[in-house]
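For reference, the structure discussed in these notes is given below.
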2 protein chains.
Amino acid sequence: MQTIRSFTNVIARLRDVNLRPTRQRIALAKMLFEGDDRHITAEMLHQETQKTNTRISLATIYNTLNQFSSAGLLREIVVDSQRCYFDTNTTDHHHFFFEKTNELKDIEAGDVVLAIVPLAPAGTVIKRIDVVVRVE
Amino acid sequence: MQTIRSFTNVIARLRDVNLRPTRQRIALAKMLFEGDDRHITAEMLHQETQKTNTRISLATIYNTLNQFSSAGLLREIVVDSQRCYFDTNTTDHHHFFFEKTNELKDIEAGDVVLAIVPLAPAGTVIKRIDVVVRVE
DNA sequence: GTGTTTGCAAAGTGTTTGCAATTTA
DNA sequence: TAAATTGCAAACACTTTGCAAACAC
């Protein structure tokens with residue numbers, strides 16, 4: 001059965017990263033990791049839980065997003081100094097940011113290629129290169 | 001005389017963008033636009049004013065940075081969802097962000113080159129492409 | 001003088017935290 | 001039952017705003 005399989009998948013995924021599969025984490029993981037890749041904020045997720053009679057406090061959602069992010073299940077995207085966005089796609093890729101709607105969209109791999117990558121300043125290591133194409 | 005010339009330059013620059021050259025704006029413009037390019041936050045500028053007996057309220061600094069930015073005198077850089085950074089270099093260029101110290105550094109033009117630039121999604125126009133190289 | 005700008009204090013956002021109650025293993 | 005997690009409310013950090021006093025022209 002689809003629901004049972006995905007349920008156990010989510011639990012295994014949480015266990016893998018040493019997070020106890022609590023009711024809240026399972027519910028959030030299912031929302032985040034089943035279906036297509038998503039770009040979400042804490043507030044968006046919170047509203048989504050409320051529509052589905054899953055009662056999870058906003059504080060727990062913030063904490064969970066940060067835990068998932070530290071565990072490598074999510075990736076934080078910085079595009080706006082007002083809000084934290086998280087991406088369920090943790091592979092290397094870049095984003096369009098729609099300034100009118102505050103929405104994010106993945107750029108297809110291959111549609112952005114850096115011809116020259118700068119050397120990290122002495123004593124440092126490149127952790128990540130973020131390319132944000134701001135459109136309006 | 002150096003001081004008088006720069007003083008009048010700053011005033012002309014403010015007038016150019018239709019901002020009345022008030023005591024506060026002149027002081028901030030001098031701090032920002034004389035000398036080398038800088039990456040600053042409101043709080044950093046505020047501390048700097050306090051060290052030089054220039055009394056300017058934090059609210060005015062926030063408002064002034066936003067006005068300068070709208071006027072094209074500064075450019076906002078989004079690297080951290082906690083703080084707004086402004087860059088006095090408004091020409092096209094990219095940044096290193098040092099995650100340990102929260103500092104920004106320009107990447108030399110030519111050290112980042114996009115080999116392929118994505119097409120803007122239908123109905124949109126690219127406003128800007130930001131490349132942030134996060135180092136640690 | 002008239003309209004603009006400032007500074008203050010208050011309000012507003014988004015996020016984190018301390019702690020008692022609850023849940024997981 | 002021991003350790004981890006949750007939810008609440010309070011605290012936080014950064015930023016904006018309303019409004020009276022001060023300033024620019």
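Letters A, B, ... mirror the listed sequences (proteins, then strands); counts begin at 1. All values below come from the heavy atoms of this structure, side chains included, with hydrogens, waters and symmetry mates left out. The structure displayed is predicted, hence computed values, not measured ones.
B/Leu65 places its CG atom 9 Å from the P atom of D/dT15, with the value rounded to the nearest Å. Atom NE2 in A/His46 sits roughly 10 Å away from atom C1' in D/dG7 (whole-Å rounding). In this structure, CD1 of B/Ile40 is placed 15 Å from C1' of D/dC14, rounded to the nearest angstrom. Atom CD of B/Glu43 is separated from atom P of D/dT15 by 9 Å (rounded to the nearest Å).
Atom CG of B/Leu119 has 12 or fewer neighbouring heavy atoms from other residues, nucleotides or ligands inside a 6.0 Å radius. Heavy atoms of other residues, nucleotides or ligands lying less than 6.0 angstrom from CZ of B/Arg55 number 12 at most.
Heavy-atom contacts of chain B under 4.0 Å fall on DNA chain C between two terminal nucleotides, which in 5' to 3' order are C/dG3 to C/dC8.
A/Arg25 has a side-chain polar atom (N or O) that falls below the 4.0 Å cut-off from OP1 or OP2 of D/dT5. Contact annotation: A/Gln67 does not reach the phosphate of D/dT5 (side-chain N/O to OP1 or OP2, under 4.0 Å).
The hydrophobic cluster containing B/Ile129, built from Ile/Leu/Val/Met/Phe/Trp/Tyr side-chain heavy atoms closer than 4.5 Å, also comprises A/Phe96, A/Phe98, A/Ile107, A/Val112, A/Leu114, A/Val117, A/Ile126, A/Ile129, A/Val131, A/Val133, A/Val135, B/Phe96, B/Phe98, B/Ile107, B/Val112, B/Leu114, B/Val117, B/Ile126, B/Val131, B/Val133, B/Val135. Taking Ile, Leu, Val, Met, Phe, Trp and Tyr as members and joining any whose side-chain heavy atoms lie under 4.5 Å apart, directly or through other members, A/Val125 forms no hydrophobic cluster with any other residue. Grouped by direct or indirect side-chain proximity (heavy atoms under 4.5 Å, Ile/Leu/Val/Met/Phe/Trp/Tyr only), A/Tyr85 sits with A/Ile77, A/Val79, A/Phe97, A/Leu104, A/Val132.
For residues 63-74 of chain B, there are no salt bridge (charged side-chain N to carboxylate O under 4.0 Å, His left out) pairs, not counting sequence neighbours. Pairs passing the salt bridge (charged side-chain N to carboxylate O under 4.0 Å, His left out) check and including a residue from residues 42-52 of chain A, sequence neighbours excluded, read A/Arg38-A/Glu48. Applying the salt bridge (charged side-chain N to carboxylate O under 4.0 Å, His left out) definition to pairs two or more places apart or across chains, those involving residues 86-107 of chain A are A/Arg75-A/Asp92, A/Glu99-A/Arg134.
Mapped onto DNA chain D by nearest heavy atom, B/Arg15 and B/Thr41 fall at different nucleotides, with B/Thr41 at the one closer to the 5' end.
Side chain of A/Arg25 to main chain of A/Arg20: a donor-acceptor pair is present (N/O by atom type, distance under 3.5 Å, no hydrogens or angles).
Remark on the helix from C/dG1-D/dC25 to C/dA25-D/dT1: inter-end axis angle 30°, axes from five-pair C1' superpositions, rounded to 10°.
Taking every heavy atom of residues 51-63 of chain A and every atom of DNA chain C, pairs under 4.0 Å involve A/Ala59, A/Tyr62, A/Asn63, by number. Using a 4.0 Å cutoff on non-hydrogen atoms, no part of residues 74-87 of chain A comes near DNA chain D.
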Intermediate values then yes/no, side chain to side chain contact (heavy atoms under 4.5 Å, CB included), B/Tyr62 and B/Leu45: CA-CA 10 Å; B/Tyr62 273 104; B/Leu45 246 197; over 6 Å; no

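Applying the side-chain contact (heavy atoms from CB on, under 4.5 Å) rule to A/Ala122 yields no partners; only residues at least two apart in sequence or on another chain are considered. Evaluation of the side-chain contact (heavy atoms from CB on, under 4.5 Å) rule for B/Ser81 yields A/Glu76, A/Cys84 as partners, not counting sequence neighbours.
Partner of B/Phe86 under the side chain to side chain contact (heavy atoms under 4.5 Å, CB included) criterion, out of B/Thr41, B/Leu73, B/Leu74: B/Leu74 alone.
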